[in-house]
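Structure first, then comments.
No experiment lies behind these values; they were computed from the predicted model shown. So you know, we letter chains A, B, ... as the sequences are listed, proteins then strands, and number each from 1.
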Amino acid sequence: MSSSAPVTTGFSPSGLNPRQREAIHYLDGPLLVLAGAGSGKTRVITEKIVHLIETCEIKPHQIAAITFTNKAALEMSERIAKRMDKSPKGLTIATFHSLGLRMVREEAKTLGYKPGFSIFDSADCLGIINELSGTTDKAKLRWLQTTISLWKNGLLSPVEAAEAAKDEEEAVAARIYRDYANSLHAYQAVDFDDLIRLPVTLLQDSAEIRQKWQDKFRHILVDEYQDTNTAQYRLLQQLTGVRASFTAVGDDDQAIYGWRGADVENLRRLTEDFPQLKVIKLEQNYRSTGKILGAANTLIQNNPKLFAKSLWSEHGPGANINVIACAEGEAEAETVIMKLQGHRFEHRAKFSDYAILYRSNHQARLFEQALRQQRIPYVLSGGQSFFDKAEIKDLLAYLRLLVNDDDDPAFIRAATTPRRGIGSQTLATLGRYAAERQISLFAAMFEEGFAAQVNSRVLQPLREFGEFINRFQWRAQRESAADVFPDLLAAIDYENWLYDQEEARTAETRWANVQEFHAWITKKSDDDGKTLAEIVQTMALMSMLERRDQGEGYDAVQLSTLHAAKGLEFGHVFLVGIEEGILPHRESQEAEKLEEERRLMYVGITRAQRSLHITWCEKRRQGKDLVPCEPSRFIEEMGCETASSASKELVDKSTSTAKLDFLKAMLQKTPEIDPEAPCPPLS
DNA sequence: GCAGATTGGATTTTT
DNA sequence: TCCAATCTGC
């Protein structure tokens with residue numbers, strides 16, 4: 001995303017091209033900016049915000065910039081802060097979800113929620129669906145979860161979903177959807193989808209609330225507009241109202257999230273719903289050299305287009321695209337590493353100038369292996385997120401319970417971690433009683449009716465736990481999160497419990513995570529003055545701690561899926577495993593899905609600045625035997641031969657290993673390159 | 001017959 | 001890597 005645009009001819013002194021300037025200055029109505037890959041779209045958004053504040057005298061609090069990820073929001077904030085020397089106070093730069101959270105918080109009462117309502121993550125939600133469906137089949141559960149999520153994102157109520165159900169399976173799912181929605185409300189909880197859906201219903205149903213929010217924002221900017229789903233689009237529509245003063249920035253050629261409900265149709269819808277819509281295309285690319293851009297253009301022309309775009313650049317043609325056929329998977333990994341080393345040596349480049357991109361996660365394995373063997377540092381994109389770690393979820397459960405004791409999933413986790421003599425039998429009995437009385441587990445535990453059903457050995461630990469939570473609830477209402485949290489940690493003796501559970505090494509890292517978590521809470525509480533409820537709710541929307549140091553300054557090859565690479569750029573890119581069945585994926589053969597696969601390839605190509613290598617395997621190991629593979633149709637569609645003349649002869653494992661050793665020996669003689677460069681941490 | 005080990009297979013991911 | 005299915009040894 002960090003496109004440091006080199007200054008080329010034909011620029012205004014500000015370094016903006018005419019189209020960009022037009023997009024920044026246009027304020028007469030709704031605007032759609034079709035920003036091709038590498039055309040400086042983030043720049044346009046930031047400059048437009050600056051322009052609105054500095055020249056149009058719009059107050060920062062009247063502007064909202066909406067992104068999809070925290071990372072993008074953070075980057076935008078930083079860019080604006082840098083550009084204006086300080087962060088404009090009151091400016092909203094938020095993800096769709098955090099903006100939604102803000103609205104749900106402010107209107108919680110109307111929605112029938114208490115201020116401390118919980119936000120369930122997908123694991124919590126899956127647990128509920130599991131209970132309601134009675135299935136243990138994991139695949140089925142996942143299907144139910146995504147189906148319900150798609151319904152929610154499509155703004156379908158359980159009743160509408162039931163009416164639209166086209167078979168018995170979907171009818172069953174619609175019933176589970178209904179029960180699921182009821183459960184969530186009983187727990188005083190919302191899921192991620194609700195954070196968009198609830199504001200939409202709110203604005204739809206109440207003219208007063210609609211007016212209030214429409215008056216709030218005089219201009220709204222949306223990044224990655226092509227990734228919006230129906231609910232998000234409705235939210236935008238309702239927030240802008242008749243004034244329709246917004247800037248949507250997107251690229252239909254980079255729409256790769258259709259499978260999770262994003263609808264490129266929202267681009268066309270914009271032209272229908274806002275006939276006065278102004279469309280500006282950004283086609284000058286500042287990222288890639290000519291041949292790379294040409295291939296991307298040629299490939300994407302195979303997709304039907306609503307708005308035709310053709311990227312051009314002032315960079316020269318640059319290096320040829322290298323298509324390499326490999327004998328099989330391991331040879332591919334070694335070939336790529338060898339080429340990478342050779343290329344890096346030749347161009348005096350850094351490891352961090354290189355990215356290896358693939359369709360699906362497991363493809364990384366062979367490359368990791370080869371990189372480790374060659375002692376080349378690398379970083380893997382994705383990975384487990386901080387707030388998904390068991391130790392963090394444990395503690396979060398306590399905090400959730402303190403803020404909202406209707407939160408049964410949090411109750412169960414907290415009550416049983418660390419173990420305190422509350423077993424599954426006890427919880428089952430408690431659960432039955434609570435269900436009968438239609439109350440929360442927490443409330444049920446204190447009732448005489450429940451006490452009569454169990455003996456005192458069962459009851460005692462429960463009551464003790466209940467009083468424990470009560471005490472901390474009392475404190476949490478009076479004291480800051482920063483004060484309460486360390487006492488909570490001590491009271492449950494979490495550190496010792498960790499060391500009892502795990503090997504010393506893992507316990508150590510886990511405890512370090514807890515401390516990091518602690519520091520984060522302290523900061524939010526003391527520095528930002530956030531209440532515990534706010535902290536807990538914000539946390540649910542974050543995947544990583546906002547740490548920028550990760551990976552930065554560390555010279556390493558990037559391994560990433562194509563999806564995760566969107567928005568990034570690299571000097572030199574290797575697209576690997578570009579075969580039929582992988583890209584396009586064998587499950588994505590129908591027209592629409594195939595187009596999305598093509599866009600995925602397009603995203604991959606356009607990540608590259610200077611050089612692009614594409615590899616595919618003639619055979620791949622499947623069990624004991626090697627099965628033949630075909631090069632992806634996309635290679636020909638981009639106007640490339642499936643194997644470059646330079647490597648017509650297949651690179652097989654033995655020759656590549658020999659060359660690698662030779663290269664390594666050569667590198668060892670080069671003083672400025674350290675062959676013993678640090679390897680990434682093992683875990 | 002069962003636990004633990006080994007093998008094999010894998011869409012894509014954020015909030 | 002991670003998870004599920006299959007195999008091995010008792």
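Counting only heavy atoms from C-beta on, A/T95 has its side chain closest to B/dT15 among B/dT15, B/dT11, B/dT13. Out of B/dT13, B/dT15, B/dA10, the shortest distance to the side chain of A/H563 is found at B/dT13. In this structure, the nucleotide among B/dA10, B/dT12, B/dT15 sitting nearest to the side chain of A/F192 is B/dT15. Among the nucleotides B/dT11, B/dT15, B/dT13, the one closest to any side-chain atom of A/R359 is B/dT11. Nearest nucleotide to the side chain of A/H362, out of B/dA10, B/dT12, B/dT13: B/dA10. Of the listed nucleotides (B/dA10, B/dT15, B/dT11), B/dT11 has the atom at the smallest distance from the side chain of A/K593. With C/dT1, B/dT11, B/dT13 as the candidates, the nucleotide lying closest to the side chain of A/Y257 is B/dT13.
Following rounding to the nearest Å, A/D121 (CG) and B/dT15 (P) show an atom-to-atom distance of 13 Å. The CG atom of A/L600 sits 12 Å away from the C1' atom of B/dT13 (whole-angstrom rounding). When rounded to the nearest whole Å, the span between CD of A/Q145 and P of B/dT13 equals 16 Å. In this structure, CZ of A/F387 is placed 18 Å from C1' of B/dT13, rounded to the nearest angstrom. Put simply, CZ on A/R197 is 21 Å from P on B/dT15, counting in whole angstrom units. Rounded to whole Å, the distance from CD on A/E368 to C1' on C/dC2 is 12 Å. Note: CD (A/E587) to P (B/dG9) measures 15 Å, nearest angstrom.
Under the side-chain hydrogen bond (donor to acceptor under 3.5 Å, both in side chains) test applied with A/D253, the options A/K305, A/Q226, A/R599 reduce to a single match, A/K305. Among the candidates A/R598, A/E596, A/E637, A/E595, the single residue satisfying the side-chain hydrogen bond (donor to acceptor under 3.5 Å, both in side chains) test with A/N303 is A/R598.
Checked against the 6.0 Å centroid threshold, A/W520 and A/F387 count as a close aromatic pair.
Between A/F217 and A/W213, the ring-plane angle classifies as tilted under the 30° and 60° cut-offs. Between A/F96 and A/F68, the ring planes lie tilted relative to each other; the angle falls in the 30° to 60° range.
A/L236 contributes atom CG, which lies 5.0 Å from atom OG1 of A/T240 (distance to the nearest 0.5 angstrom). Here the NE2 atom belonging to A/H563 is positioned 10.5 Å from the CG atom belonging to A/N361, to the nearest 0.5 angstrom.
Between A/K138 and C/dA4, a side-chain N or O to OP1/OP2 separation shorter than 4.0 Å is present. A sub-4.0 Å separation between OP1 or OP2 of B/dT13 and a side-chain N or O of A/T561 is present.
Aromatic stacking of A/H585 on B/dT11: satisfied, with centres closer than 5.5 Å and planes within an angle under 30 degrees. The aromatic ring of A/W259 sits over the base of B/dT12, with ring centres less than 5.5 Å apart and planes inclined by under 30°.
Each of A/L541 and A/N361 lies near DNA chain B, and the nucleotide nearest A/N361 is the one positioned closer to the 5' end.
Counting non-hydrogen atoms under 4.0 angstrom, A/S98 reaches nothing in the nucleic acid.
Side-chain atoms of A/Y187 do not come within 3.5 Å of backbone N or O of A/S118 as any donor-acceptor pair.
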Note, DNA chain B 5' to 3' with Watson-Crick or G-U pairs under 3.5 Å encoded as ( ), [ ], | and . gives ||||||||||.....
